[in-house]
Amino acid sequence: ASALDPQQRLLLEQGYVAMHTSQLDRGYLMGSNVGVYLGYSSSDFSRIMGATAIAESVYSATGMSQSIASGRLSYVFGLQGSAYMVDTACSAGLTATGCARNALQLDDSEIAVVMAVNLILANDGAHTPFAIAGMTSLTGACHTWDKTTDGYCRSEAVGGSVIWSISTNARS
């Protein structure tokens with residue numbers, strides 16, 4: 001557990017919540033063509049833990065890998081659809097949703113679990129150069145589509161939803 005990125009733990013928790021609230025039958029999910037589409041753009045955890053003994057653990061290879069996160073959710077639920085991770089920075093969650101929608105339209109997946117996560121665990125790394133370059137807001141607030149906009153703000157969130165086409169009858 002100490003080698004598991006907290007973002008992966010949050011994805012498992014919120015993935016379960018999304019599956020539970022969608023009222024999908026658990027028996028249906030095991031072995032089904034349900035895809036997981038994940039927006040995941042940064043991992044402060046692997047950078048922080050890289051200098052510790054935890055990084056030497058056999059579990060760190062999967063616990064700190066961004067590409068493993070979507071497969072972890074698929075594995076826990078026994079899903080056999082695509083396990084897709086996308087990193088497009090701030091738009092990763094939106095891009096993952098678009099990929100899930102396309103998969104449903106093309107019948108690549110019967111159902112799609114869409115997840116996104118971002119935790120800021122350190123003040124160093126990519127955040128400092130963005131601030132030095134003047135990309136982040138000096139006021140610390142977002143003013144989207146406003147003339148007072150002075151940059152963007154980094155934030156933390158995790159969320160998930162389950163989507164399917166109208167023709168899918170997976171709730172029974």
Side-chain angles (χ1 to χ4, degrees), residues 1-22 24 26-100 103 108-133 135-136 140 152-163:
S2 61
L4 182 66
D5 187 330
Q7 293 181 122
Q8 289 194 33
R9 180 185 53 80
L10 288 172
L11 287 168
L12 289 171
E13 289 174 3
Q14 290 301 309
Y16 178 82
V17 168
M19 296 292 228
H20 182 73
T21 56
S22 70
L24 290 171
R26 189 165 174 86
Y28 170 82
L29 292 173
M30 187 65 72
S32 64
N33 184 23
V34 175
V36 176
Y37 301 85
L38 171 61
Y40 193 123
S41 66
S42 67
S43 180
D44 291 345
F45 183 75
S46 62
R47 196 174 66 254
I48 293 167
M49 300 311 285
T52 69
I54 291 172
E56 302 297 320
S57 162
V58 296
Y59 301 107
S60 68
T62 58
M64 295 185 199
S65 172
Q66 290 173 271
S67 61
I68 296 293
S70 59
R72 186 179 298 279
L73 191 64
S74 292
Y75 177 79
V76 166
F77 285 102
L79 310 177
Q80 297 297 311
S82 299
Y84 191 86
M85 193 283 296
V86 62
D87 176 359
T88 56
C90 298
S91 64
L94 182 61
T95 304
T97 302
C99 293
D108 289 339
S109 292
E110 296 171 33
I111 297 172
V113 181
V114 181
M115 303 288 301
V117 65
N118 187 55
L119 289 181
I120 301 170
L121 303 174
N123 282 334
D124 59 352
H127 314 300
T128 303
F130 292 152
I132 292 169
M135 298 166 64
T136 55
Y152 79 99
C153 296
R154 306 265 319 153
S155 64
E156 298 179 302
V158 62
S161 62
V162 177
I163 59 175

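All residue numbers refer to positions in the sequence shown, counting from 1. Keep in mind that the numbers below use all heavy atoms, side chains included, and drop hydrogens, waters and symmetry copies.
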Ile68 side, atom CD1; Asp5 side, atom CG - distance, nearest 0.5 Å: 12.5 Å

So, for Ser74 and Val36, which heavy atoms are closest and what is the spacing to 0.1 Å? OG-CG2, 3.3 Å

Residues 155-163, side-chain donor-acceptor partners within the protein, below 3.5 Å, at least two apart:
from: Glu156; atom 1: OE2; to: Ile120; atom 2: N; distance (Å): 2.8

Looking at Met85, is its backbone amide N or carbonyl O close enough to the side chain of Gln66 to form a donor-acceptor pair, meaning the two atoms are under 3.5 Å apart? no

For a side-chain contact (heavy atoms from CB on, under 4.5 Å) check, start with the C-alpha distance between Phe77 and Leu24, then their side-chain angles and the critical distance, and finish with the verdict. CA-CA 12 Å; Phe77 285 102; Leu24 290 171; over 6 Å; no

Closest non-hydrogen atom pair between Ser70 and Leu38, with its separation: N-CD2, 3.6 Å

If the condition is side chain to side chain contact (heavy atoms under 4.5 Å, CB included), which residues does Gln80 pass it with, not counting sequence neighbours? none

Applying ring pair (Phe, Tyr, Trp, His ring centres under 6.0 Å), can you list everything that pairs with Tyr75, at least two apart in sequence or on another chain? none

For Thr88, enumerate each residue passing the side-chain hydrogen bond (donor to acceptor under 3.5 Å, both in side chains) test, keeping only those at least two apart in sequence or located in another chain. Ser91, Thr95

Residues that Thr97 engages under side chain to side chain contact (heavy atoms under 4.5 Å, CB included), provided they are two or more places apart: Val114

Take atom OH in Tyr16; do more than 12 heavy atoms of anything else shown fall under 6.0 Å from it? no

Arg154: salt bridge (charged side-chain N to carboxylate O under 4.0 Å, His left out) partners, not counting sequence neighbours: none

If you define the side chain from C-beta out and look only at heavy atoms, does anything of Leu121 sit under 4.5 Å from Pro6? yes

Rounded to the nearest 0.5 Å, what separates atom CG in Leu119 from atom CZ in Arg9? 8.5 Å

Looking only at heavy atoms, what is the nearest atom pair of Asn118 and Ser41, with distance? OD1-OG, 4.1 Å

Test item: side-chain donor near acceptor, Tyr84 and Asp108, under 3.5 Å: no

Once you round to the nearest 0.5 Å, how far does CE of Met19 lie from CD1 of Ile111? 7.5 Å

Residues forming a side-chain hydrogen bond (donor to acceptor under 3.5 Å, both in side chains) with Gln14, sequence neighbours excluded: none

Sequence-distant partners of Ser82, side chain to side chain contact (heavy atoms under 4.5 Å, CB included), two or more places apart: Tyr37

Tell me which pairs pass salt bridge (Lys or Arg N to Asp or Glu O under 4.0 Å) where either residue lies in residues 78-95, with sequence neighbours left out. none

With sequence neighbours left out, what residues match Leu12 under side chain to side chain contact (heavy atoms under 4.5 Å, CB included)? Arg72, Leu73, Val76

Shortest non-hydrogen contact between Gly93 and Ala116, atoms and distance: CA-CB, 3.7 Å

